[in-house]
Amino acid sequence: MSDARTPDAYEPASFEAAWRERWEKDGLYDADIDPRREPYYALTMLPYPSGDLHIGHWYAIVPADARARYLRMRGYNVLFPMGFDAFGLPAENAAIKRGIHPKEWTYANIRHMRGQIKTMGPMFDWRREIISCDPEYYRWTQWFFAQLLRNDLAYRKSSPVDWCPSCNTTLAREQVIGDDRRCERCDTPVIKRELDQWFFRTTSYAEELLDFSGLDWPERVQTLQSRWIGRSEGAHVTFRTEAGDDLEVFTTRPDTLWGVTFMVLAPEHPLVETLTTDERRAEVEAYVEEATRQTDVQRESADRDKTGVFTGGYAINPVNGERVPVWIADYVLVTYGSGAIMGVPAHDQRDFEFARRFGLDVRVVIHPAGEAPPAGAELTEALVAKGVMCASGPLTGVASDQAMDQVLDHIEREGFGRRAVTYRLRDWLISRQRYWGAPIPVVYCPKCGPVPVPDDQLPVELPEDVDWRPTGESPLKLHPTWKHTTCPECGEPAERETDTMDTFMCSSWYHLRYLSPHYDQGPFDPREYEHWMPVGTYTGGIEHATMHLIYTRFFHKACRDMGITRGDEPMLQLRNQGIILGEDSEKMSKSRGNVVAPDELVERYGSDTVRAYLMFFARWEQGAPWNSQGIEGTARWLRRVWNLFTGEVGAPAKADGSAEAALLRHLRRKVHQALASVSHDYEHFEFNTVVSTLMELLNEMYAAREGGAAGTEAWDEALRLYLAMMAPTAPHLAEELWQRLGEAYSIHHRPWPEVDEAAAAEEEITLVIQVNGKVRDKIQAPVDIDRQRAEELALASEAVHKHLEGRPPRKVIYVPGRLINVVG
RNA sequence: GCGAAAGUGGCGGAAUUGGUAUACGCGCUAGACUUAGGAUCUAGUCCCGGAAACGGGUUGGGGGUUCGAGUCCCCCCUUUCGCACCA
């Protein structure tokens, strides 16, 4: 907003902050319900307030902002909100380390980061900001929990959980990382511990979560989620132990039932106790103890030899009445299926290895068609291929792929099994033995059991006067008074749940709270919901493919079934930005010293240049290593834009009439072609070509000015369209130059320009002349040239004659408006 | 091991449907202006031959389909990511 009369250098610092303040003061980006405009909900993943914004935040936010700005200019009523995912461990770690209260630490970080985010110049409607650790927010996180509990979608269960001995907390399956199963946060090997925990029934939605129809989500994410959910079709088959207990297994290969030569239970399986004979007991107990004491690192390390012990017990194979020994081994997981398997060593590689290790029988029941069945003792690996059934009672001789249905019919008819589908997905464990989270709103009454806190008593607020030392117990448990309360049902003394919720719970519904962050009659205002939902575009990192994005889909579906939300999916389109690596092509990290600090870049180049460079320097969905020299290119671009708009224009070199007309037609063609291209590219997340197209157009405009275009109508149009096209990328500069052109504030209210198709159309084409597929000549030709004329031109070409070397053309291919290929 | 994605100049990348490969930018080279410049401007910059005109080659490697392949198909190599005893 500097004085327009004095020509000056491009100094973004002189106007960027001023424009941002004005936009905010004027509520330029306020997003309110507006029945006249089509709503569009553009959502970008909210950050954790770690304390300092890094370049990755910019990379996530700026292109998403540019696209939201584009859609807004296109006439959509765009909701583009921002907030903070503010509960979580780092706040407590900071408290432990530096003695700052987590709340104080968190809010100080938010204040700092909010200011940093604002320097990007994004069009966030800050009135809609949410902070998930605010009681006004987590009141409703708790409300959702209570809803889930009342609808039997939450339950409490004692189970072995992953436990990080360093963080002193349970971890979700997803927070256990890598080959050797380490804690996501501190890299400590994870161990098992038995605790009462709250779970959500995500598995009830496993089947529906596999359905992505109607969603414009990357294949990659769909694949990751599908594999994570891990659907397997097969059967539950019930064996009977000699002690008379039912022993159920899940198998995907019921066609191999006649090949069972042993059974294996997970060491934690409840029947281990009763199956174990007295003479085997000492050995079995030692093995179980070893297995539970071991960390998963040791237990699940790759390529480990199979271990296990015989329980001394036997079970009866229901298909043939055979007596098979029951073993326990840690390669069978208690958490999958029924925690027990039937051992078919001839046709399952894991069972094969186990049988070989312990000298168990290997019995072939499927053999390759046309060959004699091999002897089990001679196999070197399991036979997993299809074939012909043998030694399988009534099914002997049947092709194995046909046998499957017959076996299933058989076991269902006989009543010892049934068709079944099993999923790898587990129910979502949400309990955390931590302080800095939303308290689970449950009261334990000696008489009434676990009772959800009534809605009118929410939120259950976190007490602020706690000790957050890493004792291994929840700090809430140690608080002298907090947990003591009365039962909401009977009024008798009772105790509060002292665990808090997984922060993924907070982020599963934040997109709903943006709709009406201060609404107090429910988690969101239904009017706002009707207007904005579902989310049109959701953008963020691929790292959330299997956690957050499954949870939020589950959450939405559960809420739909509870009558809270509508529709099957919360987010219609998903896009993931890539990662910016350090200049050394390594992951950015403080220890490597390759971290790019956005604040310094803004100070040096201005916000628009940083924005433009982030959009330009790589394909957004891919990312690339940072290049500190590369940013000079976009800095130069904006400087050249500035100079074109503000620089002295010499007296136009008056061309003669027809040459000038041609020059201006050319200029308009380039402008409108660029407009078509830029429009497409904003829409489709191809931000790098938005910038390159604008760079090219700028070069054209400099040339046109050189040719004397300045001062003409076409020139004035070019200037205005250029700023409109640039506005989503460089909002400050576009606004500043718009004002200097004398146009009315604000360019960000200007409708997106329409492409003038006639102006964009080419008058002439370069007809490419090929001989046998190789380019030999190029001829300027009218755009509507017909085949006959094009052929004449091509055959008249000297280059064509030369390369035909006297051969007659056998065939001529004509691609209208593009090329002609003479085959000879 | 299984699954997915990607390989185009020194670098990031462009090429909307099978139709001019290497746009745009960085870097580099030469020059202009300059006390200087990490400022600005001009010209050049895939490789080989050639003074040039021009010719030949080139999208990880090999094969195929086609008048024509960076783009489609098959095999191989490399890289990245995800999963990793899930019965």
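Protein chains get the first letters and strands the later ones, always in sequence-line order, with residue 1 at the start of each.
In this structure B:A87 sits in no base pair that meets the Watson-Crick or G-U test at under 3.5 Å. Base pairing of B:G19 is made with B:C67, judged by Watson-Crick or G-U wobble geometry with both donor-acceptor distances under 3.5 Å. Of all nucleotides present, only B:C41 satisfies the Watson-Crick or G-U wobble test against B:G31, with each distance under 3.5 Å. Nucleotide B:G55 forms a pair with B:C48, judged by Watson-Crick or G-U wobble geometry with both contacts under 3.5 Å. Base pairing annotation: B:A36 forms no Watson-Crick or G-U wobble pair, as no partner gives both donor-acceptor distances under 3.5 Å. Across all strands shown, B:C26 forms a Watson-Crick or G-U wobble pair, both distances under 3.5 Å, with B:G10. Across every strand in view, B:C2 sits in a pair with B:G82 that passes the Watson-Crick or G-U test at under 3.5 angstrom.
Taking 4.0 angstrom as the limit, A:K774 places a side-chain polar atom (N or O) nearer than this to OP1 or OP2 of B:G57. Regarding contacts with the backbone of B:G55, a side-chain N or O of A:H803 is found under 4.0 angstrom from either OP1 or OP2. Phosphate contact (OP1/OP2 of B:G82, side-chain N/O of A:T546, threshold under 4.0 Å): absent. Remark: A:N643 is not in phosphate contact with B:U40, judged by side-chain N or O atoms under 4.0 Å from OP1 or OP2. Not one side-chain nitrogen or oxygen of A:R227 sits closer than 4.0 Å to the OP1 or OP2 atom of B:C2. Residue A:R818 places none of its side-chain N or O atoms closer than 4.0 Å to OP1 or OP2 of B:A15. The shortest distance between the side-chain N/O atoms of A:K811 and the OP1/OP2 oxygens of B:C67 is below 4.0 Å. Between A:R636 and the phosphate of B:G25, there is no side-chain N or O to OP1/OP2 separation shorter than 4.0 Å.
For the C1' atoms, the distance linking B:C74 with B:U80 amounts to 24 Å, nearest Å. Atom name P, nucleotides B:G7 and B:A14: the rounded distance is 9 Å, in whole Å. The same atom, C1', is picked in B:G27 and in B:C75; the two are 38 Å apart, to the nearest Å. One P atom belongs to B:A23, the other to B:G1, and the distance between them is 40 Å to the nearest Å. For the P atoms, the distance from B:G10 to B:G3 is 34 Å, rounded to whole Å. B:U45 and B:G25 are spaced 14 Å apart, taking the C1' atom of each and rounding to whole Å. A distance of about 11 Å separates the C1' atoms of B:A69 and B:A21, rounded to the whole Å. Rounded to the nearest Å, the gap between the C1' atom of B:U35 and that of B:C28 is 26 Å.
Ranking B:G56, B:G82, B:C67 by closeness to the A:N821 side chain, first place goes to B:C67. Side-chain proximity of A:Q629 to the nucleotides B:C83, B:G19, B:G27 is greatest for B:G27. Of the candidate nucleotides B:C26, B:G19, B:C67, B:C67 has the atom lying nearest to any side-chain atom of A:V823. Considering only side-chain atoms of A:R424, the nucleotide from B:C83, B:C26, B:A87 that sits closest is B:C83. If you check B:G57, B:C24, B:C54 against the side chain of A:N699, the one that comes closest is B:C24. Candidate nucleotides B:C85, B:G3, B:A87 were compared by shortest atom distance to the side chain of A:T223, and B:G3 ranks first. In this structure, the nucleotide among B:A87, B:A23, B:A14 sitting nearest to the side chain of A:E696 is B:A23. Looking at the side chain of A:A624, the nearest of the listed nucleotides B:G19, B:A87, B:G13 is B:G13. You'll find that the side chain of A:R776 is closest to B:G56, out of B:G13, B:A87, B:G56. Of the listed nucleotides (B:C85, B:G19, B:A39), B:A39 has the atom at the smallest distance from the side chain of A:R639.
With A:N688 contributing its side chain and A:M615 its backbone, the two residues share no donor-acceptor pair below 3.5 Å. At least one donor-acceptor pair closer than 3.5 Å links the side chain of A:R67 to the backbone N or O of A:E683.
Judged purely by distance below 3.5 Å, without hydrogens or angles, the side chains of A:Y331 and A:D351 pair a donor atom with an acceptor atom.
In terms of the salt bridge (Lys or Arg N to Asp or Glu O under 4.0 Å) criterion, residue partners of A:R253 (sequence neighbours excluded) are, by chain and number, A:D255. Under the rule for a salt bridge (Lys or Arg N to Asp or Glu O under 4.0 Å), A:E686 has no partner lying at least two apart in sequence or in another chain.
Distance A:Q770 CD to B:G18 C1': 12 Å, rounded to the nearest Å.
The residue A:G337 sits apart from the nucleic acid: no heavy atom pair falls under 4.0 Å. The residue A:S232 sits close only to the backbone: its heavy atoms come under 4.0 Å of sugar-phosphate atoms, none of a base. When heavy atoms are screened at a 4.0 angstrom cut-off, A:R619 is found touching the sugar-phosphate backbone but no base atom.
For the pair A:R611 and A:W58, the cation-pi criterion (under 6.0 Å, within 45° of the ring axis) is not fulfilled. A cation-pi arrangement is found for A:R553 relative to A:W217, the charged atom lying closer than 6.0 Å to the ring centre and inside a 45° cone about the ring normal.
Separation of the A:F354 and A:F262 ring centroids falls under the 6.0 Å cut-off.
When each of A:G633 and A:S677 is assigned the nucleotide of RNA chain B with its nearest heavy atom, A:S677 is the one assigned upstream, toward the 5' end.
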